[in-house]
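Values below: all heavy atoms of this structure, side chains included; hydrogens, waters and symmetry mates excluded. Predicted model, so just to flag it, every value in this text is computed and none were measured.
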Amino acid sequence: MPSRLQLKLDNDLRNTKCGEFGMLRRPKPTESEADLLREQQELLAAGGQSTVAVVKRPDKRRGDAAAAEAHEQGNQRDVVTIEDELPTLTPAPPKKSRFKQERVHFEDEDPEERLDRHDTHISAVLSRIIERDTSAVPVSLPCITGTAFPKVLHRSVMESEVQERALRGRKSIFARQIAAQRAKKEDSSASRHVGFLPLVNMETEQPESDVMGKCCHISQNRVGGPVLLTGQGLGIANSAMETMKIHEENQAKLQVMSQSEILEEQRKLLAQLDPRLVEFVRSRKAQRTPGSESASGPVQREDFLNEPLPNSTSPELDHSIKAQESQRDTMEDDEEDENQLVVQAPITEEELPIKPQKEWLHMDKVEPEKLEWTRDLPAPRKQSTKKAMQARFDFAGTLIPPTKDLPTHLGLHHHGEEPELAGYSLQELFLLSRSQLNQQRNLAISTLANVLAKAHAGEYISSLKGSVLSSLLDAGLLFLLRFSLDDSVEGVMSAAVHALRALLVSSDDEECLDNAFPWVLGMATFPLLPTAQEDEDDEGLDETMKETAKEKEEKKIDHDVARQDVVKGFLKMQGLPRLRYILEVVRPSPRVVLDILEVLIRIARHSTAAATQILACPRLMNTVISEFLPCSWAPATSRALSSLYGLPVALAMKLLRVLASAGRHACARILNSLGGKELLSRFVVVEPSEMLLEAGEALRCSTEALRLFAVAASYGQACNLYTDLYPVLVKRLQAGNRLCASSEAVLFLELDRIKALLVLLTWVTQTAGCHEELQRDLVSAQGTECPPPPPVVWSHVMGLQPTVISSLKGCVRALDGPAQMSSALILLPSYLLYIEAYYSQLCVQSSFQPVQCLQELESLTSDVLLPLISHQAMRNITSSFRSSSMICNPGLSAAGGEVVPSLPSLGCSRLKTSSTMAGPNSPLSLPTALLYLLNTITSIHKGLIKKFSHLILSDSVLSYLRSCIGAMPSVSHMSAWILHHEHHLLYLLLRLAHKLVPVDPEAAKHAALFHQVSLALVSWLLPGSEYLAHELMSVMTFSHSLLPEGVHGETEVAALAELQLKDRTSPAVGALLCDALQYLPSIRGCYLTHLAHLESSVLSSRDRYLGRTPFVSSYLLPELTGPSLPSDWPFLPLISLYERMGLSAGGEQQVESLPAGSVQSVTHCLQWLLVLESLREQVLTVVPPVAKLARLAFVFLCSSDLFLERPVQELTWALFRGLTRPAQLEALDLGSPPPGLASFHDLYSALLAQYEAVSFGDPLFGCFMLLPLQRRYSVTMRLAVFGEHVGMLRSLGVSLQQLPIPLEKFTCPMEDSLPLLRLYFRALVTGALKRNWCPVLYVVAVAHLNPFIFSQNEVAEEKEAARRSLLRKTYYLTDEVLKNHLLLFRLPQENSELGFSTYEQLPPIRARRLESIVGTEVKGGER
């Protein structure tokens, strides 16, 4: 292959021969390199020139100067250029460079077109000339100088600018001189315009002397023009001259104004202008401010605006100056440091911390601006500021005050913004988290984790504005953590796991839930789901067209999902497979493993769907069980473990327990598919001391294994293990009274283990009690689906009862010993709950022996229960009910830390410090368990009821019940979990009290108190407690024994009060109450029928409460959306009928007949409402009066004739009079929309249409129509009556005696709506409103028109014209009766025949007013 040299010689020889012989000869293949060299020598000897030249191609990116420098240095490249002319190119694909395209000529291109395109002849230029409009440009004459020729420029003039040459670039002398002249012109123009600013400093107030000083300055510099006005928007030719005229007029006005006038106008102007406009004017002023560079730096705007001005001589002005200066000083002290930073001089060579040496490369010339970063940081501000500042945190997440001066070696000053302040802002931490340096990413994410932990604890609430958690989540923290989990560096990945744990997990919440596990249904928890947001996209669509929740979820992007639900967003980002990868492949440190397990537990508590995803994630649970729950392991060699792999971890067992609580299918999957039964056998059998683990961890593993076993037994599963492990369990049970712990922490762990064992035995006993029932159902099922009987039978658990009772007696005796009291109080609830489960199931067994059982109960009562109830420890607990109650103290549920709607939590960090409700010594645990047992015992042995009366009738319990009346507990995730347990306590108290009332006269005195609390509790019960609501309504709510008023004469008292009513044709309230109290069983049946839609929820709740373990589906309660029943549940039958009849559109559909039983159902509903309004008024205070009126109006909208039924009308009259009592009437606010309705006006429009159609002049319906027409309510409803529905006035015949509302409510104050007054007058004149048709509104119209037409107050011209017109028309009325009523009206008077009193003749003042209006016309002969 020929070399480059050969090719070059070949080319030279070819060109030479072409020149000499006219034809080039190509080298032959037979010629050697020697032949080519010989031909080259011949060419050089002949003096020929080579056609190839070596040139230096300049670098386009560096410019010509760079190319020249490179040429001087000899950095040449061989570039071959050919002098031969290139042939014409053929068309080629288009190039991207437009310059290259312009240089390419194609063969088929027309040369004439190419010439026209590049023609630069003068005609081509002149043909496109468009003359510029110079009519508005002012003509400026050249300046007259004393020299004949321009000044000659000398080089000496430019010598002062030699130092600036480097900054200005390489310019010629002429160019630099022209630039200097242009700068001088700009400076002179700016100096001419400065004196004409009409406003002084607009940022802060200035003294009057400053204003006058500025004005003097303005008057002395009347040259130039305005700064702010340009005249561009005038749209005229001579806009500049017009602008100058405006400016001169302003100057003239300022000259004639005094000091006080100028100051007053300035204040008005500043008050009227938009602050943004003021800021714009100030910025324009700052731009035009004169100034020149000095040694101290650029002139500041404040220095110019606050320049010294002539002093004022007014003492008032001096006082205002001092006051304003003192106020301004306090505000500007904080900005002193910033101002100093602005004018700070550049660093000098002497100030450098390290002196540059001559030997250093490129340090012969010091560049100060590049060395500014080496100087010492400025000192932080000396005092706190009122301005909002950016929050900065140290590496531990602690908020650093801006006044705190920390040393730089702590590493808290490595940021660009505000370098003098220590700490890092959230933005800087986010930036560092995406750094290329592993250490920076690790440090940033670890710091964010610490910030998250402190934010959850509420440490920033008092210091920061806004929520740190919300800000971080909105900024994309979840995405940042998810990306960091994918980091290849294990340190960064571990920090991301820790931050994720800090975001999701609350250790206090988990601790409280673990403490509540052995309580009554303590394993039942609410899912930690965010509050569902209503989707407005489906409003108005048909049900078939609406998207399902799954379809909507699939369409959402990750950001939208994470914004609404953080846990669901993490799951959607495939977070579980990544956590599995970390556990399985990375095998991180113990801390990371524990963090991942806690995160998985928090995700499992989110919902059943989330728990299912954890179980369904490939190899995740297999990895957890195989690595952290092995059946065999080697003992730990050191105290500080370097790895948890191959060792049992209690959190892994807790994860299985939480997953099992999500549903019976998940539990069965854990037990059967994942080897849960083998794990239970392994960890339940082995004693903690033999586990070869640290003592605390061994106890926690054993406790969590027992809890998992208990959860499985609560579904009726894994009970065959109970029979296999029976000896071990009994041995553990017998050893429960002989605790010996090395420390207090170990003692509490031992107690937790015993409580978990008792919970397990309790659920096994419940399951064994269901065996016979399921066996009978299986025999009678005949092919239908029925759960199989459990493998444990009643005989398997009968031997546990003596041991438990013996331990229970030992705990009661231990209460007398101070050292053992705490442990006894902790264990007592679990023992009591087991005894309750045993006797509740014993009475349904075929082997039940009643006599023996009653004897056992009497012995248990005398030996255990009565001593326990009378013990001082129990009295102390009951005395703390009121102070610790979440119902009586809603403030206890207030968030202690930051709350994010998308990430709900229980908020136990505050609850642990402010109340003992959530601790191991909670006042809920022991009383609830005791009352649970007492209710079971008294249902079996009714003769023991009176023995427990002193517990119910104690002062502390009665005081607690009284405090519950009228309470309105707030429902949230932070309060619901503890309210759920407190509702159990209240329910059991009331059930026992209800049994006590018939047999104890002292308890009967408090029957009304028990009834009021039971009514309130019905409205408080949360989802999952539907069975309690059903029991309360079935047993207590409609109980005769808890409504003693009908027996003791309260109905007669109500009848006496009814005598004060004006209309005595309707039955008295007392008689209606008596009838209602007689129909209480029917009323109860009516309400239970209308609650039939809750049947499935009631059955599910019943299975949990009664221990029907084979039928329980999950211990995750329904989603928390509020109480199970609405607060207005007494109106439920009426609302249901209204919705069934399809009249929600406003009475447009008329129904011919009601469903069967509707009248009876509405009657029972109204009777119960009457009972509550008359005897239990406090219960319905939670329902606003406007809601009561709206619900009662459904009587008229449900049907065309329902309100005409006699019982319905009588009861509705009684309820309507109750709503119109003075106190109720004042509280009735029709401006607020009733619950469930858009506005009351919409409901009233429907009532108007219904009244016109089917009222038949009914007085009751008419009173409902009149009530919203009171003067204090919206005028729109009165306009609707007298405008669109004026025809209804003919049938609105309610008399003044039938109206239960005072007439003054309609007539005072005087009407001020002119359109309504005109409608009043038109209805009277046209005859649409007559006294015999509509007496109430006739009086109202006359009472408002009379003072209006005779009023002489100063009003708008339109109203005055209307007065005159209406008075004139009244005077010329032909209806003398109406005319006299309008002219001679005096005052409203309900007892008179007309409804108002009149003058016998026109009063003088009215006569003069009438004379002034119509007198001139009368005298003019127009009468």
- Query: Is there a donor-acceptor contact under 3.5 Å from the side chain of Y1244 to the main chain of S1239?
  - Reply: no
- If you measure from NZ on K1359 to CG on N1353, what distance do you get to the nearest 0.5 Å? 10.5 Å
- Heavy-atom closest contact (L1172 atom, P1130 atom, distance): CD1-CG, 3.7 Å
- Item | Residue N1391 excluded, over 12 heavy atoms near CG under 6.0 Å | no
- Message: For the CG atom of L1243 and the CE atom of M1277, what is their distance to the nearest 0.5 Å?
- Response: 10.0 Å
- Item | Centroid separation H1381 to F1396 less than 6.0 Å | yes
- Item | 4.5 Å side-chain heavy-atom contact, L1260 and F1196 | yes
- Task: Evaluate the ring planes of F1216 and W1213, with Trp represented by its six-membered ring, and classify them as parallel (under 30°), tilted (30 to 60°) or perpendicular (over 60°).
- Result: perpendicular
- When you look at L1189 and L1230, which way does the side chain to side chain contact (heavy atoms under 4.5 Å, CB included) test go after all the steps? CA-CA 9 Å; L1189 182 65; L1230 302 185; 4.0 Å; yes
- Message: Please determine whether salt bridge (charged side-chain N to carboxylate O under 4.0 Å, His left out) holds for the pair R1406 and E1411, giving the CA-CA distance in whole Å, both sets of side-chain angles, and the decisive distance to 0.1 Å.
- Response: CA-CA 8 Å; R1406 294 188 183 181; E1411 181 71 19; over 6 Å; no
- What distance separates L1134 CG from H1090 NE2, expressed to the nearest 0.5 Å? 9.0 Å
- Side-chain (R1278) to main-chain (Q1270) donor-acceptor, under 3.5 angstrom: yes
- Item | Exceeds 12 heavy-atom contacts within 6.0 angstrom, atom CZ of R1386 | no
- Message: Any non-hydrogen side-chain atom of L1292 less than 4.5 Å from a side-chain atom of Y1251?
- Response: yes
- Validation row: S1174, V1069 side chains within 4.5 angstrom (heavy atoms): yes
- Query: Once you round to the nearest 0.5 Å, how far does CG of L1137 lie from SG of C1198?
  - Reply: 4.0 Å
- Chi angles and distances behind the side chain to side chain contact (heavy atoms under 4.5 Å, CB included) call for D1201, V1254: CA-CA 8 Å; D1201 56 355; V1254 299; over 6 Å; no
- Task: List the atom of V1336, the atom of L1296, and the distance in Å for their closest heavy-atom pair.
- Result: CG2-CD2, 3.9 Å
- Query: Can you find a pair of side-chain heavy atoms, one from S1232 and one from P1184, that are under 4.5 Å apart?
  - Reply: no
- Heavy-atom nearest pair, P1233 first then A1238, reads CB-O, 3.2 Å
- Message: One pair to check against salt bridge (charged side-chain N to carboxylate O under 4.0 Å, His left out): D1312 and R1271. What are the steps and the verdict?
- Response: CA-CA 10 Å; D1312 56 359; R1271 176 64 181 87; 3.2 Å; yes
- Do Y1338 and W1333 have ring centres separated by under 6.0 Å? no
- Message: With a 3.5 Å distance limit and no angle check, can you tell me whether S1255 reaches the backbone of D1258 through a side-chain donor-acceptor pair?
- Response: no
- Could you please spell out the steps behind the side chain to side chain contact (heavy atoms under 4.5 Å, CB included) verdict for F1264 and V1195? CA-CA 11 Å; F1264 265 86; V1195 172; over 6 Å; no
- Query: How are the rings of H1164 and Y1079 set to each other: parallel, tilted or perpendicular (split at 30° and 60°)?
  - Reply: tilted
- Start with the C-alpha distance between L1387 and T1307, add both sets of side-chain angles, then the distance that settles side chain to side chain contact (heavy atoms under 4.5 Å, CB included), and finish with yes or no. CA-CA 10 Å; L1387 289 173; T1307 58; over 6 Å; no
- Query: Which atom names give the shortest non-hydrogen contact between A1214 and L1072, and what distance separates them?
  - Reply: CB-CD1, 3.9 Å
- Task: Inspect the surroundings of CD in Q1401 and state if more than 12 heavy atoms from other residues, nucleotides or ligands are less than 6.0 Å away.
- Result: no
- Do the charged groups of R1363 and E1358 touch, with an N to O distance under 4.0 Å? no
- Task: Would you check if the side chain of H1344 reaches a backbone N or O of F1306 as a donor-acceptor pair within less than 3.5 Å?
- Result: yes
- Message: I'd like to know if E1177 and R1221 make a salt bridge, using a cut-off of under 4.0 Å between side-chain N and carboxylate O.
- Response: yes
- Item | Heavy-atom side-chain proximity of V1281 to V1286 below 4.5 angstrom | no
- Taking all atoms of both residues into account, what is the closest heavy-atom pair of L1384 and N1346, and its distance? N-ND2, 4.5 Å
- Message: A quick test of your reading: do over 12 heavy atoms of other residues, nucleotides or ligands sit less than 6.0 Å from CE of M1310?
- Response: yes
- Task: Side-chain contact test, heavy atoms from C-beta onward, threshold under 4.5 Å: evaluate it for V1342 versus L1324 and give yes or no.
- Result: yes
- Report yes if the side chains of Q259 and I262 come closer than 4.5 Å at any heavy-atom pair, otherwise no. no
- Salt bridge or not for K253 and E249, using N-O below 4.0 Å? no
- Query: Does E1311 reach the main-chain N or O of S1313 with its side chain, forming a donor-acceptor pair under 3.5 Å?
  - Reply: yes
- S1351 OG to E1360 CD distance, which is reported to the nearest 0.5 Å: 8.5 Å
- L254 side, atom CG; E261 side, atom CD - distance, nearest 0.5 Å: 11.0 Å
- Short question: side chain of E1390, backbone of L1303 - any donor-acceptor pair under 3.5 Å? yes
- D1229 versus V1186: any side-chain heavy-atom pair under 4.5 Å? no
- Scanning both residues in full, the closest heavy-atom pair of T1370 with K1379 reads O-CG, 3.5 Å
- Ring geometry between W1168 and W1129 (parallel below 30°, tilted from 30 to 60°, perpendicular above 60°): tilted
- Look at the side chain of S1245 and the backbone N and O of H1241, then say whether any donor-acceptor pair between them is shorter than 3.5 Å. yes
- Message: Has S1412 got a side-chain atom pairing as donor or acceptor with R1409's backbone, closer than 3.5 angstrom?
- Response: yes
